[in-house]
Amino acid sequence: LSMALKGSAVLSELRLGLCSIGSEGITKLTETLKSIRTLQVLDISGSTVGLTAGKNLAQIVSDGNLSELNVSYCSIESDTTCDLARALYDNSQLQDLWLRGNPVGEAGAEAIASMLQHNDHLKLLDLTGCSSVGQIGVRKLIAVMYQNASLKLLYLPDNLESSGRATQGY
């Protein structure tokens, strides 16, 4: 797939959700996608995003024209979440970010909350089932939601507090 995409000048959407692409394949794919500036929608949900692919994704978000990124159930951990949050800090393109079912961690949730204090273009953020967000992360995300006028949908159901009690969806 990476070979076929090289040199593509007009690709605007790539939807590979539930294709279960492994870490090496996603790394090669994201390396190729860094040079495609026309890409607006990327869905690689259900694949495995390692650290290198995560850094590539952050660069795609930072440098590209993505308006929607779906990386649900991609085993994205705290470091990659923080990279994505940094890329989104001043980003004016991305409107929908789907991180559902990833172990983003409390540090990742806090990085996202910090980013949301500055990013005024993100409209949808899905953190459903990111159980490692933790109680502090959930609280920070809820607090910043009231400060961010552009964020219309924040999904937080099925996130466990450190006490083990489930949080309500907001």
Side-chain angles (χ1 to χ4, degrees), residues 16-18 20-21 23 26-27 30 33-34 41-64 66-170:
L16 298 170
L18 305 177
S20 300
I21 301 170
S23 181
I26 287 295
T27 299
T30 54
L33 293 177
K34 288 191 308 187
V41 176
L42 178 59
D43 179 354
I44 55 172
S45 58
S47 297
T48 304
V49 174
L51 287 174
T52 302
K55 290 195 181 304
N56 290 344
L57 278 173
Q59 185 176 346
I60 292 166
V61 167
S62 181
D63 297 344
L66 279 183
S67 62
E68 180 182 327
L69 176 61
N70 189 341
V71 287
S72 297
Y73 304 104
C74 285
S75 302
I76 291 178
E77 296 182 353
S78 184
D79 290 343
T80 299
T81 305
C82 290
D83 289 341
L84 286 171
R86 279 189 292 278
L88 284 167
Y89 194 83
D90 291 319
N91 180 284
S92 63
Q93 301 297 319
L94 197 74
Q95 295 180 8
D96 299 343
L97 177 59
W98 302 84
L99 285 165
R100 177 182 293 237
N102 286 299
V104 300
E106 196 167 297
E110 290 181 33
I112 289 171
S114 177
M115 172 273 297
L116 287 171
Q117 293 175 343
H118 302 278
N119 181 300
D120 59 357
H121 289 84
L122 196 65
K123 292 181 180 356
L124 179 146
L125 176 59
D126 185 358
L127 292 168
T128 301
C130 297
S131 59
S132 61
V133 165
Q135 183 177 8
I136 294 170
V138 168
R139 285 183 182 159
K140 287 186 177 188
L141 286 163
I142 290 171
V144 79
M145 179 181 72
Y146 294 108
Q147 301 168 5
N148 185 312
S150 68
L151 191 63
K152 303 298 181 202
L153 297 169
L154 174 61
Y155 295 109
L156 288 173
D158 301 324
N159 284 292
L160 297 180
E161 295 181 1
S162 57
S163 66
R165 295 180 310 216
T167 62
Q168 295 178 353
Y170 293 90

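S45 approaches C74 most closely through the heavy-atom pair CA-SG, 3.9 Å. Contact between S75 and N102 at its shortest, heavy atoms only, is N-OD1, 2.9 Å. Considering all non-hydrogen atoms of both residues, C130 and L99 come closest at SG-O, 3.2 Å.
In this structure, the side-chain contact (heavy atoms from CB on, under 4.5 Å) partners of T52, at least two apart in sequence or on a different chain, are T27, N56. Partners of D83 by side-chain contact (heavy atoms from CB on, under 4.5 Å), not counting sequence neighbours, listed by chain and number: K55, A58, R86. With sequence neighbours left out, T48 forms a side-chain contact (heavy atoms from CB on, under 4.5 Å) with S23. Considering only residues two or more places apart in sequence or on other chains, A107 meets the side-chain contact (heavy atoms from CB on, under 4.5 Å) condition with S78. In this structure S67 satisfies the side-chain hydrogen bond (donor to acceptor under 3.5 Å, both in side chains) test with no other residue, sequence neighbours excluded. With sequence neighbours left out, N148 forms a side-chain hydrogen bond (donor to acceptor under 3.5 Å, both in side chains) with S150. Not a single side-chain hydrogen bond (donor to acceptor under 3.5 Å, both in side chains) links E68 to another residue, sequence neighbours left out. Listed by chain and residue number, N70 satisfy the side-chain hydrogen bond (donor to acceptor under 3.5 Å, both in side chains) test with S72 (two or more places apart in sequence, or in another chain). Taking the ring pair (Phe, Tyr, Trp, His ring centres under 6.0 Å) definition, one finds that H118 meets it with Y89, sequence neighbours left out. Listed by chain and residue number, nothing satisfies the salt bridge (charged side-chain N to carboxylate O under 4.0 Å, His left out) test with E77 (two or more places apart in sequence, or in another chain).
The distance from the CD1 atom of I44 to the CG atom of L16 is 8.0 Å, given to the nearest 0.5 Å. In this structure, CG on L116 lies 13.0 Å from NZ on K140, to the nearest 0.5 angstrom. I112 CD1 to L84 CG: the interatomic distance, rounded to the nearest 0.5 Å, is 8.0 Å. Considering CD1 of I76 and SG of C82, their distance stands at 12.0 Å, rounded to 0.5 Å. Rounding to the nearest 0.5 Å gives a distance of 7.5 Å between CD1 of I142 and CG of L154. Atoms OH and OG1, from Y73 and T128 in turn, are 7.0 Å apart once rounded to the nearest 0.5 Å.
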- Should L57 and L42 be marked as a side chain to side chain contact (heavy atoms under 4.5 Å, CB included) after you check the CA-CA gap, both sets of side-chain angles, and the distance that decides it? CA-CA 10 Å; L57 278 173; L42 178 59; 3.8 Å; yes
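In this structure, the side chains of I136 and E110 come closer than 4.5 Å at one or more pairs of heavy atoms.
For residues 141-157, no residue pair satisfies the salt bridge (charged side-chain N to carboxylate O under 4.0 Å, His left out) rule, not counting sequence neighbours.
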Expected list for residues 91-98: side-chain donor-acceptor pairs under 3.5 angstrom, two or more places apart:
| unit_1 | atom_1 | unit_2 | atom_2 | d |
| --- | --- | --- | --- | --- |
| N91 | OD1 | Q93 | N | 2.7 |
| N91 | OD1 | L94 | N | 2.7 |
| N91 | ND2 | V61 | O | 2.7 |

